[in-house]
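The block underneath contains the structure these notes are about, expressed in C-alpha cells.
The figures that follow rest on heavy atoms only: side chains count, while hydrogens, waters and symmetry mates do not. The sequence lines fix the lettering, A, B, ..., with proteins before strands; numbering per chain opens at 1.
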Amino acid sequence: MQRPSIPKGTRDFSPQELRRRYYLMDIIRKHFEIFGFAPIETPCFENLSVLTGKYGQEGERLIFKILKSGDFMKNSLEHFDEEKHITSDYFSTRALLPEISEKALRYDLTVPFARYVIMHRNDINFPFKRYQIQPVWRADRPQKGRFREFYQCDADVVGSRSLWQEVELLQLYDSVFTELRLPVVIQINHRELLVALAEMAGIGQHWPIFINALDKWDKIGAEKAHQEMLEKGIPEKVLNELKPLFKENADFDYHLSKFSQLLVSSEKGTNALSELNFLWKKSRELGMQNAKLRFNGKLARGLDYYTGTICEVLPEVGASYSIGGGGRYDELTGVFGVKNFPGVGISFGLDRIYLAMETLELFERGKIEKLPILFVNFGQREALQSMREIKALRKKNIPSELYPEAIPLNKQLQYANKKGTYWVALMGEREINEKTILIKNLANGIQTSYNDLDQLAKDYRELIK
RNA sequence: GUGGGCGUAGCUCAGUUGGUUAGAGCGUCAGGUUGUGGUUCUGAAGGUCGCCGGUUCGAAACCGGUCGUCCACCCCA
C-alpha cells in the first residue's frame, strides 16, 4: 500500500496550531476593521494573463500554472509534423505554455485586487480601502520560513495619492504588532530614490542591476558588493560617493540630509526625499507605540509594480526574514489599460509572524485555547443532570461538554489531561444530592465545590481571559 | 533555476573496519488503581532499514541511480 503524502511546501494544521493562527488572524482582522478597511475575497486562481508581467522575471518563474483539462497535446502533436515547428523550440516550456495552460494560482493578493478594482470600478466608492486574508501560492523551493502555500493579510487603499495613507499604514503595522507584543523594525525606502541614484551613477535604465547589487550589500558585505558593482559598470568615483550613505545604525535625519546633498540636482530624488521626510516627521509627531522606523537605502523589493515608498517589516530579534512588506504602486492598474488608480498597501505574512511569535514564546495559552470544561460521565442519571448544567453554562458563553461514555474516572481524567482541559466538573451521586458541582483544576489539582453557577462561570471566564 | 546535508519503530535518533535474530528514549496500548489525571512500577504491540540495481560468501552500512525531505543561494511573506 502506498503511504499518503502532501505536496512539498504545504502543511496540515492541527488544532493547537490552527487556534494560534486564528488568534493572529482575529487580531489582524480586528485592526483592519478599526482602521476602516472592508473585506473582499477573490478566486484562488486567476486567468494567467492577469498575473503575467507583474512580478518581474524571478516572480514569473514562481507562478503555479494550472494545466488545461482538455486533450491539448493531441493538437500540439498534429502541429509537430509541420516542418517549421521541428526547427523551432516548439517544445520549450515557454512556447508551449499558452497551449497547455490559461489559468494560474494567485501569487499575491495585490494584483488580483488591482484586477478587482478595474472590474468593479463603477460600483466602488473611492478612495477604496480593502483588506483580504487568503492563501497565495509560489512554486518556490521550500526552506525555513518559506512555504509554497501561505497566507497573506493585505490592507490596501486605491484612489488616493495622499501620503497620509502611508502614515496610516505604518500606524496599522504598529497597532497590530503592539497588540501581539512582537517587537519589530519597519524599514523604509523609496523606489524613486533608487532610480535617482541609478541615474546619477550613470546606468539609467539598467537600474534594476544596480538595485540588485545594492540589495546584497548586507548579505555579502560592503566590499564584495562594491566589487560586483564595479564589474557591472558602475564608476568607482560614484561608488565612493555612495558608500557613506549606507552607513549602518545612522538615524533617519542623518540619511535624509546626506542624500539631499547628493541629489540636489535630481528632481526625482528630491521629491522622493521630501516624501520620506513627510512620513518620518508625521509618524514621529503621531508617535509609534512599539514599532521602530528605520530608513534603509538598500531596500529594493523585487516586485516590479512598486513606484513610490516601499517598506519591509522585520522582527527586532532573530530577524532573518521579513514578516511583512508593502509599498505604493501608482501604475498597477495601467497594465490593465485603465489609468489613474493609484494604490498603496501593506501585507502581513501570517506564517512568518507565527514563527516569530513561537520563537519568542509569545503565544499565551489562556488567550488562544478557550477549552471547554469537561463534565465527567458517571452514568445515565448523572449525565442528564450534567447536560442540564452544560446547557446553562453554554447559554452564558462558557464552553463546556460531557464525556460521552461512562468509563472509569481515571480514563476520563486522562482524556481531559491530554486534551489540555483546564477544568473538569464532577457531578456524581454525592454532588447531585448536595446540589453542588465539584470542579477540579487540572493544572494544580485543587478541587473547589460550587453551588452557584454564576460564580462558577465568572471564575472560569477569569481563567481563560 | 543552482549548491549541500539527511532518509533505520508513530516521533527523536544509536547501530563499531561490512558478520548470526536491528536497538534506546519518548509516545501508544494493557495492568497495578471501577470517585481522581499529570509522577511512578510491570508488561505488550510496533520495522519490506525510502525505492531500484550493483559489489560481496554475507549489505541498514560500500558504490551507482532514483524518489523524498531539510538547509543555503536567487527571490520573497
Side-chain angles (χ1 to χ4, degrees), chain A residues 1-11 24 28 55-63 93 106-110 133-154 173 184 208 211-213 215-216 219-220 299-304 306 310-315 319-327 345-356 374-379 382 403 405-432 438-447:
Chain A
M1 203 175 69
Q2 193 194 352
R3 284 183 99 161
S5 62
I6 56 174
K8 81 170 72 163
T10 66
R11 296 151 296 162
L24 295 179
I28 292 169
Y55 302 112
Q57 214 177 14
E58 275 300 312
E60 196 92 15
R61 198 167 52 79
L62 303 179
I63 296 173
T93 310
R106 66 164 164 255
Y107 178 87
D108 70 356
L109 300 178
T110 308
I133 300 176
Q134 287 191 278
V136 302
W137 292 268
R138 293 185 188 176
D140 216 346
R141 204 171 283 198
Q143 54 181 278
K144 198 170 188 65
R146 170 178 300 178
F147 310 99
R148 302 221 284 190
E149 176 182 62
F150 61 96
Y151 269 74
Q152 289 193 328
C153 315
D154 277 30
Y173 265 142
V184 296
I211 296 318
N212 189 263
D215 199 42
K216 288 184 192 163
K219 289 168 194 163
I220 63 178
L299 180 67
R301 296 188 63 73
L303 300 179
D304 267 4
Y306 291 118
I310 47 179
C311 69
E312 206 161 282
V313 185
L314 299 163
S320 53
Y321 40 67
S322 64
I323 57 177
I346 56 170
S347 182
F348 292 81
L350 186 84
D351 305 81
R352 289 182 172 181
I353 293 171
Y354 182 101
L355 288 174
L374 183 80
F375 279 68
V376 170
N377 191 328
F378 284 111
E382 294 88 341
Y403 191 87
E405 286 163 64
I407 58 171
L409 176 59
N410 62 342
K411 298 286 177 215
Q412 297 192 46
L413 285 173
Q414 215 169 77
Y415 171 84
N417 202 53
K418 276 180 195 159
K419 187 169 176 172
T421 305
Y422 303 105
W423 278 12
V424 169
L426 297 104
M427 273 239 311
E429 211 182 328
R430 273 204 307 261
E431 288 77 15
I432 291 176
L438 186 62
I439 294 293
K440 182 181 180 71
N441 183 330
L442 285 188
N444 53 24
I446 292 171
Q447 303 194 152

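- B:G18 and B:C75 have their P atoms separated by 45 Å, with the value rounded to a whole Å.
- Atom pair A:L426:CG and B:G35:P shows a separation of 11 Å (rounding to whole Å applied).
- Among the heavy atoms of the strands lying under 4.0 Å from A:L438 is at least one base atom, whether or not backbone atoms are also near.
- Separation of the P atoms belonging to B:C52 and B:C67 is 15 Å when rounded to the nearest angstrom.
- Between A:S322 and A:V313 there is no side-chain heavy-atom pair separated by less than 4.5 Å.
- Nucleotides B:C63 and B:C71 have their P atoms positioned 26 Å apart, rounded to a whole Å.
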In sequence, state the C-alpha distance, the side-chain angles, and the governing distance for A:Y173 and A:F348, and then conclude on ring-ring contact (aromatic ring centres under 6.0 Å, His included).
CA-CA 8 Å; A:Y173 265 142; A:F348 292 81; 4.9 Å; yes

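- Between A:R148 and A:G9, the residue anchored nearer the 5' end of RNA chain B, judged by the nucleotide with its closest heavy atom, is A:G9.
- In this structure, B:U16 makes no Watson-Crick or G-U wobble pair, since no nucleotide meets both defining distances under 3.5 angstrom.
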If you apply the rule side-chain contact (heavy atoms from CB on, under 4.5 Å), what do you find for A:R352 with A:Y354, and how did you get there?
CA-CA 5 Å; A:R352 289 182 172 181; A:Y354 182 101; over 6 Å; no

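- When the P atom is used for both B:U2 and B:U55, the distance is 32 Å, rounded to whole Å.
- Take the nearest nucleotide of RNA chain B for A:K8 and for A:G428: the residue whose nucleotide is more 5' is A:G428.
- B:U36 atom C1' lies 13 Å from atom CD1 of A:I407, rounded to whole Å.
- Separation of the P atoms belonging to B:G27 and B:U39 is 7 Å when rounded to the nearest angstrom.
- Nucleic acid contact for A:Y151: none, since no nucleic acid atom lies under 4.0 Å from a heavy atom of the residue.
- Taking the side chain as every heavy atom from C-beta outward, A:V136 and A:Y107 never approach each other to under 4.5 Å.
- Per the geometry, CZ belonging to A:R146 stands 16 Å off P belonging to B:U69, to the nearest Å.
- Residue contacts shown for A:G59 are absent, as no nucleic acid heavy atom lies under 4.0 Å away.
- Taking atom C1' on both B:A24 and B:A14, the two are 7 Å apart, rounded to the nearest angstrom.
- Within the shown strands, nothing qualifies as a pairing partner of B:U55 under the Watson-Crick or G-U definition with both distances less than 3.5 Å.
- Taking only distance into account, the side chain of A:N417 never meets the base of B:G38 through a donor-acceptor pair shorter than 3.5 Å.
- The partner of B:G25 is B:C11, by the rule that a Watson-Crick or G-U pair needs both atom distances under 3.5 Å.
- Within 4.0 Å (heavy atoms only), A:Q447 reaches at least one base atom of the nucleic acid.
- Residue-nucleotide stacking is present for A:F150 and B:A77, judged by a side-chain ring centre under 5.5 Å from the six-membered base ring centre and planes under 30° apart.
- Taking 4.5 Å as the limit, some side-chain heavy atom of A:Y151 sits within range of a side-chain heavy atom of A:I133.
- Comparing the P positions of B:A77 and B:C51 gives a spacing of 40 Å, expressed to the nearest Å.
- Taking only side-chain nitrogens and oxygens, A:Q143 comes nearer than 4.0 Å to OP1 or OP2 of B:A72.
- In plain terms, the two heavy atoms of A:L355 and A:Y321 that are nearest each other are CD1-OH, 3.3 Å.
- Atom CG in A:L413 sits roughly 7 Å away from atom P in B:G37 (whole-Å rounding).
- One finds no side-chain N or O of A:K411 lying less than 4.0 angstrom from the OP1 or OP2 phosphate oxygen of B:U34.
- Residue-level contact check: A:E431 touches the bases, meaning some heavy atom is under 4.0 Å from a base atom.
- You'll find a donor-acceptor pair under 3.5 Å spanning the side chain of A:R141 and the base of B:U2, going by distance alone.
- Between the P atom of B:U34 and the CD atom of A:Q412 lies a distance of 14 Å, rounded to the nearest Å.
- When the P atom of B:U39 is taken as reference, atom CG of A:N410 falls 13 Å away, rounded to whole Å.
- Taking the six-membered ring where tryptophan is involved, the planes of A:Y403 and A:Y415 are perpendicular, since the angle between them exceeds 60° and thus also 30°.
- Closest to the side chain of A:K418, out of B:G37, B:C71, B:U28, is B:U28.
- When both pairing distances are held under 3.5 Å, B:U2 makes a Watson-Crick or G-U pair with B:A72.
- Between the NZ atom of A:K144 and the P atom of B:C70 there is a distance of 11 Å, rounded to whole Å.
- With rounding to whole Å, A:E429 atom CD is found 11 Å from B:G35 atom P.
- Atom CD of A:E429 has 12 or fewer heavy atoms from other residues, nucleotides or ligands within 6.0 Å.
- Residue A:D140 is classed as a base contact, given a heavy-atom separation below 4.0 Å to a base.
- Nucleotide B:U34: unpaired (no Watson-Crick or G-U wobble partner with both distances less than 3.5 Å).
- Within 4.0 Å (heavy atoms only), A:E312 reaches no atom of the nucleic acid at all.
- Residue A:L442 is in base contact, counting any heavy-atom pair closer than 4.0 Å across all strands shown.
- A gap of 34 Å separates the C1' atoms of B:G35 and B:G25, to the nearest Å.
- Counting non-hydrogen atoms under 4.0 angstrom, A:G56 reaches nothing in the nucleic acid.
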